[in-house]
Asks: 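Supplied in structure tokens, the structure appears directly below.
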Amino acid sequence: MYVVQEEECISCLACEGECQSGAIEMKNDVAYINQELCEDCGDCVEVCPTGAIIEK
């Protein structure tokens, strides 16, 4: 399971563009990962420039 560390997210939308399952959306200017849609592929982690997405 991947989660976004809100304090690290810069709202660049890189992760949203990379997510093939459509699990990432913006909420209050922070990326949010919908766990029901997430396929745990980790592609979002690779493109996040600040390392805001971590495996939990």
Side-chain angles (χ1 to χ4, degrees):
M1 172 165 66
Y2 293 96
V3 295
V4 177
Q5 299 177 95
E6 293 182 18
E7 64 278 357
E8 300 294 327
C9 181
I10 59 171
S11 307
C12 68
L13 299 177
C15 58
E16 184 181 49
E18 189 68 24
C19 183
Q20 300 296 312
S21 65
I24 302 176
E25 58 189 56
M26 297 300 288
K27 288 188 176 181
N28 299 321
D29 295 324
V30 175
Y32 169 77
I33 301 174
N34 180 331
Q35 299 302 321
E36 291 181 11
L37 297 176
C38 181
E39 297 176 351
D40 289 325
C41 65
D43 290 344
C44 57
V45 176
E46 301 296 323
V47 298
C48 181
T50 63
I53 302 172
I54 59 169
E55 189 168 14
K56 186 128 184 170

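In this chain, numbering begins with 1 at the start of the sequence shown.
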Asks: Of all the heavy-atom pairs spanning Ile54 and Gly51, show the shortest one and how long it is.
Replies: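 The answer is CG2-O, 4.1 Å.
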Asks: Do Val3 and Ile24 sit in the same hydrophobic cluster, where Ile, Leu, Val, Met, Phe, Trp and Tyr count as joined when their side-chain heavy atoms come under 4.5 Å apart?
Replies: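 Per the 4.5 Å side-chain linkage, Val3 and Ile24 are not co-clustered.
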Asks: What side-chain donor-acceptor pairs closer than 3.5 Å can you find for residues 10-21, not counting sequence neighbours?
Replies:
residue, atom, partner, partner atom, Å
Ser11, OG, Asp29, O, 2.2
Gln20, NE2, Glu18, O, 3.4
Ser21, OG, Leu37, O, 3.1

Asks: So how far is it from Cys41 SG to Tyr2 OH, rounded to the nearest 0.5 Å?
Replies: 7.5 Å
Asks: Would you say the side chain of Val45 lies within less than 4.5 Å of the side chain of Glu55, judging by non-hydrogen atoms?
Replies: no
Asks: If you count heavy atoms of other groups shown closer than 6.0 angstrom to CD of Glu6, is the number above 12?
Replies: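 Incorrect, the count does not exceed 12.
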Asks: Check whether more than 12 heavy atoms from other residues, nucleotides or ligands sit under 6.0 Å from atom CD of Glu36, and answer yes or no.
Replies: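 No - once you tally the heavy atoms of other residues, nucleotides and ligands closer than 6.0 Å, there are 12 at most.
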Asks: Is any side-chain heavy atom of Val4 closer than 4.5 Å to a side-chain heavy atom of Ile33?
Replies: yes
Asks: Calculate, to the nearest 0.5 Å, the distance between atoms CG and SG belonging to Asn28 and Cys9 respectively.
Replies: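 Between atom CG of Asn28 and atom SG of Cys9 there are 11.0 Å.
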